[in-house]
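What follows is a single structure, written as structure tokens, with notes after it.
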Amino acid sequence: MAPPLAAPRFHAAFPRRLLLRPQKTLPFWRRAARPDDQDLYVDDDIGDGFSFSGGKYAEAESPSKSDEWFAQGRMVKAHTLYGNKEKAKDPFFGLTMGKESQSSDDVFSWFCVESGSSSNPTVLLIHGFPSQAYSYRKVLPVLSDKYRSIAFDWLGFGFSDKPQPKYGFDYTLDEYTSALESIIDAVAPDKLSIVVQGYFAPIVVKYANEHQDKLNHLILINPPITDKHAKLPSTLACFSNFLLGEIFSQDPLRASDKALTSSGPYMMKEEDATVYRRPYLVSGSSGFALNAITRAMGKDLKVYIESMRSILASDSWNTKTTICWGMRDRWLTYDGVADFCDNLKHKFVELPMGGHHVQEDRGEELGNIIKRVLRG
């Protein structure tokens, strides 16, 4: 039997002398996390001083899946920072953090991947929590023949900006609602359909309620929609635990692919898992963002779910709405979901083999369902 793999090493942000040595040019997303743009790297510490390295969990040599995915997208400016541009500091020692945790401009940068002709109807694919636009990699090509499809990383996730909380963005649900309006105005100024998965669905419904004239169709995938859904599963709630939450959210395994695979019947390939780990391997900024959004979810999710239910049941709600449900969801119970849809005459589609993140393990199937729903 092979010896067990060593656990990833956690490097706290203590000030120390950093050893630099020449190295080949790094991918953009790794250079962006370092203190300067020279072709140098820091031994064991790429990013803000909170990084992991070693063994099976290290980033693969280029070209990696992360590089390939990044090459398919573009950065879009949307949503203005609040307050001044003071340099972000880590919450433990008050040390100035690296570029990945700083706001590089007055307007945030969002990573977007687009497929299909711009002359086709637009479909916006919005990932859930805690995931990335990468989860729609199998859906995008299915839609590309009939639709202009766009997937983006929320602020704090994937390749999008991840400012330290209290330095331009605090990751509250109200802020995310406002930010959503900004990114939609930037990438889809005309009418569109929206597909949203998981815990970000209440935010999207709140936006949609105020912009019904802009929506053709709304598709919700495993949204938290009943009273029983108002509490985060323990897999996510641990990120907001006092003291331990900060540590858990800096663990690239617990914070990325382990959280995703715990929510459904996923058999994630190692090469895909490394894409989800990448933000947490490169910098502590993803972990701090995860900690902040988990706390916000724990505080405001119930209110947002109640608001979503009220909006979808309102006589003023005129947007065509479909709810798709992965029946093997381990986070959200199915009890009451079908009744809710039947009572309101919303379309309801079951995916027997899908989990919470349906697009991750049943991407092609979901893509074809989206096409059928949008065709009516």
Side-chain angles (χ1 to χ4, degrees), residues 123-129 131 139 173-174 176-177 180-181 184 191-233 236 263-265 297-359 361-362 365-376:
V123 180
L124 190 64
L125 304 171
I126 302 179
H127 71 79
F129 170 68
S131 187
V139 178
L173 304 196
D174 287 345
Y176 270 121
T177 304
L180 176 62
E181 180 175 1
I184 289 178
K191 296 200 71 169
L192 77 161
S193 296
I194 297 180
V195 178
V196 58
Q197 182 269 324
Y199 288 99
F200 278 115
I203 291 171
V204 174
V205 171
K206 184 174 182 179
Y207 163 85
N209 186 49
E210 299 171 357
H211 300 84
Q212 290 197 61
D213 58 332
K214 190 168 181 174
L215 266 66
N216 292 317
H217 208 123
L218 177 66
I219 300 177
L220 309 176
I221 306 170
N222 286 63
I225 206 165
T226 74
D227 293 337
K228 296 179 181 179
H229 297 162
K231 186 177 181 180
L232 289 175
L236 300 181
S263 66
M297 286 276 183
K299 178 183 177 182
D300 297 328
L301 182 60
K302 181 178 180 180
V303 173
Y304 262 71
I305 291 176
E306 291 173 350
S307 175
M308 178 172 67
R309 289 170 59 88
S310 177
I311 290 170
L312 295 178
S314 172
D315 291 338
S316 63
W317 180 254
N318 300 313
T319 301
K320 296 176 183 177
T321 304
T322 299
I323 295 179
C324 298
W325 198 268
M327 302 299 291
R328 300 176 72 181
D329 191 333
R330 295 175 184 166
W331 284 355
L332 300 180
T333 176
Y334 175 68
D335 295 343
V337 175
D339 290 340
F340 176 83
C341 296
D342 290 343
N343 292 338
L344 299 177
K345 307 302 182 185
H346 294 317
K347 293 181 180 178
F348 185 65
V349 180
E350 296 180 358
L351 290 90
M353 302 304 294
H356 180 71
H357 294 87
V358 179
Q359 72 273 31
D361 65 336
R362 308 298 295 183
E365 180 183 356
L366 178 63
N368 285 313
I369 287 174
I370 292 172
K371 290 174 75 170
R372 290 199 298 269
V373 168
L374 296 182
R375 287 199 301 262

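Model, not experiment: these values are computed from the prediction.
Listed by chain and residue number, W325 satisfy the ring-ring contact (aromatic ring centres under 6.0 Å, His included) test with H229 (two or more places apart in sequence, or in another chain). Under the rule for a ring-ring contact (aromatic ring centres under 6.0 Å, His included), the partners of H356 that lie at least two apart in sequence or sit in another chain are Y199, W331.
To the nearest 0.5 Å, atom SG of residue C341 and atom NZ of residue K347 are 12.5 Å apart. Separating the CD1 atom in I305 from the CG atom in D300 is a distance of 11.0 Å, to the nearest 0.5 Å. Between atom CD1 of residue I311 and atom CD of residue E306 there is a gap of 12.0 Å, rounded to the nearest 0.5 Å. The line from CG of L312 to OG1 of T321 is 6.0 Å long, rounded to the nearest 0.5 Å.
Looking at N216 and T319, their side chains never come closer than 4.5 Å, going by heavy atoms from C-beta outward. Residues L374 and V123 have side chains in contact (heavy-atom distance under 4.5 Å, counting atoms from C-beta outward). With contacts defined as side-chain heavy-atom distances shorter than 4.5 Å, the pair I126/V195 does not qualify. Residues R372 and N368 form a side-chain contact, since some pair of their non-hydrogen atoms from C-beta on lies under 4.5 Å apart. At least one side-chain heavy atom of W317 sits under 4.5 Å from a side-chain heavy atom of L218.
There is a side-chain donor-acceptor pair under 3.5 Å between D174 and Y304.
The backbone N or O of M308 lies less than 3.5 Å from no partner atom in the side chain of S310, so there is not a single donor-acceptor pair. A donor-acceptor contact shorter than 3.5 Å is absent between the side chain of N209 and the backbone of V205. In this structure a side-chain-to-backbone donor-acceptor pair under 3.5 Å is present from Q197 to G128. A donor-acceptor contact shorter than 3.5 Å links the side chain of N222 to the backbone of G326. No donor-acceptor pair closer than 3.5 Å links the side chain of R328 to the backbone N or O of P352. Side-chain atoms of E365 never come within 3.5 Å of backbone atoms of G354 as a donor-acceptor pair (strictly under, hydrogens ignored).
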request  = Carefully, step by step, assess H217 and T322 under the rule side-chain hydrogen bond (donor to acceptor under 3.5 Å, both in side chains).
outcome  = CA-CA 8 Å; H217 208 123; T322 299; 3.1 Å; yes

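Taking all atoms of both residues into account, the shortest heavy-atom contact from I184 to K214 is CG2-NZ, 3.6 Å.
Aromatic ring pairs are classed by plane angle as parallel below 30°, tilted from 30° to 60° and perpendicular above 60°; the pair F340 and H346 is tilted.
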